[in-house]
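First the structure, in the form of structure tokens, and then the observations on it.
Naming: A, B, ... by sequence-line order, numbering from 1 per chain.
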Protein chains: 2
Amino acid sequence: MTPIRISLVDDHPVVLAGIRALLQAAPEVELVGEASTGATGLKIICECSPDIAVIDLSLPDMSGIELTRKALKRCPGVKIIVLTVHEDRAYIHPVLEAGARGYLLKRSAADELLRAIRIVKQGDTYLDPAIAEKASMAAPHSYAVAGNDGGELSRREEDVLKLVAQGLSNKQIAGQLEVSIKTVETYKSRASEKKGLRSRADIVRYGVQHGWLAAPN
Amino acid sequence: MTPIRISLVDDHPVVLAGIRALLQAAPEVELVGEASTGATGLKIICECSPDIAVIDLSLPDMSGIELTRKALKRCPGVKIIVLTVHEDRAYIHPVLEAGARGYLLKRSAADELLRAIRIVKQGDTYLDPAIAEKASMAAPHSYAVAGNDGGELSRREEDVLKLVAQGLSNKQIAGQLEVSIKTVETYKSRASEKKGLRSRADIVRYGVQHGWLAAPN
DNA sequence: AGCCCATGACAGGTTTTTCCTGACATTGCG
DNA sequence: CGCAATGTCAGGAAAAACCTGTCATGGGCT
């Protein structure tokens with residue numbers, strides 16, 4: 001049996017090396033390229049044309065979603081598994097729309113990655129069990145995912161929510177984002193509306209759940 | 001030569017397994033315990049009393065800082081290396097103050113972890129080069145640093161600061177503590193005075209540093 | 001092409017919250 | 001006993017947040 005050829009894209013070399021070590025322990029997979037940025041990731045995927053590319057959702061220069069899209073455009077044959085810390089089901093939709101075939105949480109069990117790889121290799125789609133149920137309830141087949149989710153946050157909306165969760169006032173946020181306070185208020189209220197957050201405490205909780213409360217950037 | 005005994009604490013089993021695989025490739029280290037939460041981490045550290053514990057900064061039930069403190073209290077012999085994605089130097093002080101001997105970024109090179117382990121094993125302190133320079137400027141040797149300690153917080157003051165850090169309004173806090181808003185305001189201002197916190201963002205940072213904001217679920 | 005609507009960007013005015021400046025009772029400690 | 005720290009609260013001023021609109025732009029869809 002020919003080995004499953006895999007490329008890895010993840011900033012955080014420690015994590016990268018870790019997954020590499022993990023995969024090398026599996027006899028049926030063969031590593032054919034690693035990268036730590038979106039740009040280099042795209043390059044190695046095109047050059048190596050692996051069976052499967054495992055991509056971190058958050059990369060320094062572009063999101064994993066963007067990389068997924070670009071990689072598939074240039075190299076439609078690859079199957080892409082997105083690896084992420086985000087448990088928010090809001091992410092799953094754009095990821096799948098971008099054409100990824102797998103969505104795996106970093107906090108899921110280690111052998112899930114191997115399972116995901118095998119499943120995706122066979123042409124199926126793998127979703128992490130922890131979110132698959134949530135996501136598939138509304139839309140069994142197509143990922144229309146209507147329902148309680150008032151939509152995904154735009155870039156600005158997420159920026160503002162992050163800063164709010166970190167305790168900054170609207171004024172401070174306005175300063176940091178270089179827009180007016182009023183604009184900040186708009187983003188905040190739109191974002192709160194979408195996610196059903198009513199108080200500042202809700203936003204903080206949301207931020208904690210998304211791992212925002214640690215890195216002011 | 002006796003092997004270096006190491007315990008690992010990291011939520012994200014994929015990452016955990018990865019680092020495990022990494023370390024198993026090094027002949028001089030021996031893995032003696034893994035955990036994915038602060039509570040179990042504390043337990044395995046106490047039970048296994050490893051030479052070194054590698055701890056992720058953000059854990060579901062408590063912060064890595066809190067775990068560091070607790071682990072050292074019960075088991076002063078262990079040397080702790082904190083592993084994190086956060087490059088903000090604001091985290092390094094509390095980490096070192098808590099008694100950790102190493103501070104390593106996940107995005108630093110893979111063999112840095114081994115280097116860090118060897119260095120810390122010898123009794124030295126390892127700081128990731130990327131932030132070491134920034135951090136060592138202010139406090140070259142001893143991390144007495146503690147900033148401006150205007151005294152210890154009283155019970156009520158700490159209660160209020162915690163709630164503020166979690167994003168509650170004075171009114172909500174008043175409700176929760178069953179005192180008047182005015183009383184809450186007093187505690188808050190006294191506490192802020194003592195610790196030199198001027199904005200809500202300062203309070204949130206203070207809370208993060210003290211592990212008050214780790215996943216309330 | 002034309003339309004819709006999500007997004008980015010603001011403003012005015014009202015409502016809430018927070019901040020500043022006290023105040024007073026209680027309690028432990030030198 | 002006096003005194004400092006703490007717990008408790010008020011009034012009024014200042015700041016922040018919130019609500020309701022506006023307007024432009026750029027995709028997408030029909």
Each nucleotide of nucleotides 13-20 of chain C classed B (base within 4.0 Å of a protein heavy atom), S (only sugar-phosphate) or -, in 5' to 3' order, makes B---SBBB

Euclidean distance, B/Thr68 OG1 relative to B/Ile45 CD1, rounded to 0.5 Å: 7.5 Å

Would you give the length of the straight line joining atom CG of A/Leu161 to atom CG of A/Leu197, rounded to the nearest 0.5 angstrom? 6.0 Å

Round to a whole Å and report the spacing from CD of B/Glu193 to C1' of C/dT21. 14 Å

CA sep, side-chain torsions, deciding dist, call: B/Lys70, B/Glu66, salt bridge (charged side-chain N to carboxylate O under 4.0 Å, His left out): CA-CA 6 Å; B/Lys70 287 181 177 169; B/Glu66 208 179 330; 3.3 Å; yes

With sequence neighbours excluded, what pairs up with A/Asn170 under the side-chain hydrogen bond (donor to acceptor under 3.5 Å, both in side chains) test? A/Lys188

Separation of D/dA16 C1' from A/Ile173 CD1 (nearest whole Å): 12 Å

NZ of B/Lys106 to CG of A/Asp10: how many Å apart, nearest 0.5 Å? 10.0 Å

Could you run down nucleotides 2-8 of chain D 5' to 3' and tag each one B, S or - for protein heavy-atom contact under 4.0 Å? ----BBB

Can you see which heavy atom on B/Ser7 is nearest to which on B/Cys48, and at what distance? OG-CB, 4.2 Å

Using the side chain to side chain donor-acceptor pair (under 3.5 Å) rule, pick out the option among B/Lys194, B/Lys195, B/Arg190, B/Lys162 that qualifies with B/Glu157. B/Lys194

Contacts of type side-chain contact (heavy atoms from CB on, under 4.5 Å), residue A/Ser199, not counting sequence neighbours: A/Ala201, A/Asp202, B/Gln172

Could you please spell out the steps behind the side chain to side chain contact (heavy atoms under 4.5 Å, CB included) verdict for B/Val82 and B/Leu104? CA-CA 6 Å; B/Val82 168; B/Leu104 188 68; over 6 Å; no

Angle between the two end axes of the helix from C/dA1-D/dT30 to C/dG30-D/dC1, five base pairs per end, rounded to 10 degrees? 40°

Report all interatomic pairs (protein N or O, nucleotide N or O of nucleotides 25-30 of chain C) with separations under 3.5 Å.
none

Quick one: pull up CD in B/Glu178 and CD1 in B/Ile173 and give me the separation to the nearest 0.5 Å. 14.0 Å

Euclidean distance, B/Leu83 CG relative to B/Leu57 CG, rounded to 0.5 Å: 9.0 Å

Could you check how far CD of B/Glu178 sits from C1' of D/dC9, rounded to whole Å? 16 Å

Tell me if a side-chain donor or acceptor on A/Arg5 pairs with a main-chain N or O of A/Ser49 at a distance below 3.5 Å. yes

List the atom of A/Leu23, the atom of A/Val29, and the distance in Å for their closest heavy-atom pair. O-CG2, 3.0 Å

